[in-house]
Amino acid sequence: QVRLVESGGGLVQAGGSLRLSCAASEITFGNYAMGWFRQAPGKGRELVESISKGGGSTDYADSGRGRFTISRDNAKATTALQMNSLRPEDTAVYYCAADRSYEWDSRPSQSYKYDLWGQGTQVTVSS
């Protein structure tokens with residue numbers, strides 16, 4: 001069964017760090033661009049960061065600039081999002097997503113382009 005499973009969310013104080021992980025199963029992971037999205041209550045789903053299937057290209061939202069870093073390990077079929085200097089406005093459900101990408105450096109920012117989604121992990125940042 002094709003699955004994306006996120007882990008690593010939780011409650012953290014402002015200024016703290018969290019590392020989210022996403023493990024993929026039953027897909028050829030190296031064929032997929034990966035993205036991390038988030039959705040806060042009452043808001044739409046937005047890109048946090050995305051990474052091309054080879055890992056050489058990334059894209060990110062301004063909200064995470066300088067604080068968040070996406071990475072991937074194709075051998076382990078995992079992607080991670082390192083989040084530092086967290087702020088209360090980072091509170092959201094975080095989702096990893098996979099896009100069956102045919103271009104080497106593709107890393108879409110639009111959620112509708114992604115084919116597979118995880119169930120999400122809650123991140124709560126207290127002030």
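For clarity, every value in this text was computed on a predicted model and none was experimentally measured. In what follows, every heavy atom counts, from backbone to side chain, and hydrogens, waters and symmetry copies are set aside. Start at 1 with the first residue, then count along the sequence.
The CZ atom of R67 sits 6.5 Å away from atom CG of L86, with the distance rounded to the nearest 0.5 Å. To the nearest 0.5 Å, the span separating OG1 on T121 from CG on L18 amounts to 8.5 Å. Of the inter-residue distances, the one linking D99 atom CG with Y112 atom OH reads 10.5 Å to the nearest 0.5 angstrom.
Scanning both residues, P88 and A14, for their nearest heavy atoms gives CD-CB, 4.1 Å. Of all non-hydrogen atoms in L4 and M34, the two that sit nearest each other are CD2-CE, 4.3 Å.
One hydrophobic cluster, built from ILVMFWY side chains closer than 4.5 Å, holds both L20 and V48. Under the 4.5 Å side-chain heavy-atom criterion for Ile, Leu, Val, Met, Phe, Trp and Tyr, V93 and F68 are members of distinct hydrophobic clusters.
Looking at residues two or more places apart in sequence or on another chain, you find no side-chain hydrogen bond (donor to acceptor under 3.5 Å, both in side chains) involving R100. Evaluation of the side-chain hydrogen bond (donor to acceptor under 3.5 Å, both in side chains) rule for R38 yields E46, S63, D90, Y94 as partners, not counting sequence neighbours. Checked against side-chain contact (heavy atoms from CB on, under 4.5 Å), E89 has the following partners two or more places apart in sequence or in another chain: R87. Under the side-chain hydrogen bond (donor to acceptor under 3.5 Å, both in side chains) criterion, T28 pairs with no residue at all, not counting sequence neighbours. Contacts of T124 classified as side-chain contact (heavy atoms from CB on, under 4.5 Å), with partners at least two apart in sequence or in another chain: L11, T91, Q122.
Counting only residues at least two apart or on different chains, the ring pair (Phe, Tyr, Trp, His ring centres under 6.0 Å) pairs with a member in residues 28-64 are F37-Y114, F37-W117. Pairs of residues two or more places apart, or lying in two chains, never qualify as salt bridge (Lys or Arg N to Asp or Glu O under 4.0 Å) while including a residue from residues 69-78. Judged as a disulfide bond (SG atoms under 2.5 Å apart), not a single pair has a partner in residues 42-78 (not counting sequence neighbours). Applying the side chain to side chain donor-acceptor pair (under 3.5 Å) test to pairs two or more places apart or on separate chains, those with a residue in residues 8-19 are S17-N84, R19-Q82. Counting only residues at least two apart or in different chains, disulfide bond (SG atoms under 2.5 Å apart) contacts with residues 14-119 comprise C22-C96.
Within the 3.5 Å criterion, the main-chain N or O of Q119 finds a donor-acceptor partner in the side chain of E6. Put simply, the side chain of N74 gets close to the backbone of K53: a donor and an acceptor are under 3.5 Å apart.
Members clustered with Y102: none, using a 4.5 Å side-chain heavy-atom cutoff among hydrophobic residues.
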Check against side-chain contact (heavy atoms from CB on, under 4.5 Å), V123 and V125: CA-CA 7 Å; V123 171; V125 185; 4.2 Å; yes
Could you tabulate the donor-acceptor pairs under 3.5 Å formed by side-chain atoms of residues 103-111, not counting sequence neighbours?
{"from": "R107", "atom 1": "NE", "to": "T58", "atom 2": "O", "distance (Å)": "3.3"}
{"from": "R107", "atom 1": "NH1", "to": "D105", "atom 2": "O", "distance (Å)": "2.9"}

